[in-house]
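Right, one structure below, let's go through it.
Counting from 1, the numbers follow the sequence of the chain as shown. The structure displayed is predicted, hence computed values, not measured ones.
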Amino acid sequence: MIFERLKQDLTRWEGIRYEKYKCSSNLWTIGIGHMIRDDEQELLNREKPLKNHEVMHIFEKDLNNAIEDTKKFIDPNEVEPEAFEICVHLCFWIGLPRLLGFKKCRAALKDKDYVLAAEELLDSKMGKSDVRGLVNRITELSARMRDI
């Protein structure tokens, strides 16, 4: 896994927002795709934009959580580093509960069948969505998985 590439990829897809906004799921979000939790009232009530170092602190914490959560989906020692990186990207984006729903992809990863894992990403609800942004992102991740 290349940590810096992962950070750049997530930043490219999520964007950086210094003020809270409602995401496409109608949830309060800030920074680089950080969903504001109920116990983060200071972020929800904040009137001034975050500073860049605050955004990066939240992002790195979220990314480290996604890495740890992804280890609950697949053992990083069982797959190629780039496959694990793609899984971390997915976990950061959709969360562990939804990632655990990718059962056929997970089985393909355990078999080191990266082409089938890529196909399973495209065969998911996100891959078949009519929301262009979802399809574009899952298609890019699938293509990277296929090339492993």
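The environment of K61 atom NZ is sparse: at most 12 non-hydrogen atoms of other residues, nucleotides or ligands sit within 6.0 angstrom. By the neighbour-count criterion of 12 heavy atoms within 6.0 Å, atom NZ of K22 is densely surrounded, having more than that number from other residues, nucleotides or ligands.
Salt bridge present: E54 and R46 bring a charged side-chain N and a carboxylate O closer than 4.0 Å.
The shortest heavy-atom contact between K71 and P76 is CG-CD, 4.0 Å. The two atoms that bring C87 and I74 nearest to each other are SG-CG2, 4.3 Å, heavy atoms only. Taking all atoms of both residues into account, the shortest heavy-atom contact from M126 to L90 is CE-CD2, 4.2 Å. For the pair I2 and E85, the tightest heavy-atom approach, listed with the atom from each and the gap, is N-OE1, 2.9 Å. For the pair C91 and A66, the tightest heavy-atom approach, listed with the atom from each and the gap, is SG-O, 3.8 Å. Taking each heavy atom of D75 and N77 in turn, the nearest pair found is OD1-N, 2.8 Å.
Grouping the Ile, Leu, Val, Met, Phe, Trp and Tyr side chains by contacts below 4.5 angstrom, directly or via other members, places L43 with M56. When hydrophobic clusters are built by joining Ile, Leu, Val, Met, Phe, Trp and Tyr residues whose side-chain heavy atoms come closer than 4.5 Å, directly or via intermediates, L99 is not grouped with V135. In the hydrophobic clustering of ILVMFWY residues, with side-chain heavy atoms under 4.5 Å counting as a link, F92 and W13 come out apart. Side-chain heavy atoms closer than 4.5 Å link hydrophobic residues (I, L, V, M, F, W, Y) into clusters, and following such links, even through other members, never connects L10 to Y21. One hydrophobic cluster, built from ILVMFWY side chains closer than 4.5 Å, cannot hold both I138 and L116; they sit in different ones.
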Quiz item: So V79 and Y114, side chain to side chain contact (heavy atoms under 4.5 Å, CB included) or not? Walk me through it.
Solution: CA-CA 9 Å; V79 295; Y114 302 110; 3.8 Å; yes
Practice problem: Mind running side chain to side chain contact (heavy atoms under 4.5 Å, CB included) on L141 and M145 for me, showing each step along the way? | Solution: CA-CA 6 Å; L141 293 173; M145 185 72 78; over 6 Å; no
Exercise. Mind running side chain to side chain contact (heavy atoms under 4.5 Å, CB included) on R98 and W93 for me, showing each step along the way?
Key: CA-CA 10 Å; R98 287 182 64 198; W93 177 25; over 6 Å; no
Quiz item: Taking it one step at a time, do F59 and T11 satisfy side chain to side chain contact (heavy atoms under 4.5 Å, CB included)?
Solution: CA-CA 9 Å; F59 177 53; T11 302; 3.9 Å; yes
Quiz prompt | Audit row: E140, R12, salt bridge (charged side-chain N to carboxylate O under 4.0 Å, His left out) steps and yes/no | solution = CA-CA 12 Å; E140 180 180 301; R12 177 173 53 92; 2.6 Å; yes
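Of the inter-residue distances, the one linking S142 atom OG with E119 atom CD reads 8.0 Å to the nearest 0.5 angstrom. Here the straight-line distance linking atom CZ of R5 with atom CG of D9 works out to 7.5 Å at 0.5 Å rounding. In this structure, CD1 in I58 is found 10.0 Å from NE2 in H53, a value given to the nearest 0.5 Å. Going from atom CD of E80 over to atom CD1 of I148 covers 7.0 Å, rounded to the nearest 0.5 Å. Distance check, rounded to the nearest 0.5 Å: CG of L134 to NZ of K128 gives 14.5 Å. Atom CG of residue L6 and atom CD1 of residue I86 lie 10.0 Å apart, to the nearest 0.5 angstrom.
Evaluation of the ring pair (Phe, Tyr, Trp, His ring centres under 6.0 Å) rule for F84 yields no partner, not counting sequence neighbours.
With hydrogens and angles ignored, the 3.5 Å screen pairs no side-chain donor or acceptor of E19 with any backbone N or O of I30. A donor-acceptor pair is defined here as one N or O able to donate and one able to accept, closer than 3.5 Å; such a pair exists between the side chain of N64 and the backbone of E60. Although no hydrogens or angles enter the test, the distance criterion places no donor-acceptor pair under 3.5 Å between the side chain of S25 and the main chain of L27. K112 contributes a side-chain N or O that, together with a main-chain N or O of E78, makes up a donor-acceptor pair within less than 3.5 Å.
Judged purely by distance below 3.5 Å, without hydrogens or angles, the side chains of H89 and R137 pair a donor atom with an acceptor atom. Residues N52 and Y18 have side chains that bring a donor and an acceptor to within less than 3.5 angstrom of each other.
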Determine all donor-acceptor pairs shorter than 3.5 Å in which one atom belongs to a side chain in residues 100-111; sequence neighbours excluded.
from: R106; atom 1: NE; to: F73; atom 2: O; distance (Å): 2.6
from: R106; atom 1: NH2; to: K72; atom 2: O; distance (Å): 3.1
from: R106; atom 1: NH2; to: F73; atom 2: O; distance (Å): 3.2

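Every pair passing side-chain hydrogen bond (donor to acceptor under 3.5 Å, both in side chains) that includes a residue from residues 27-36 is listed here, sequence neighbours excluded: H34-E40, H34-D62.
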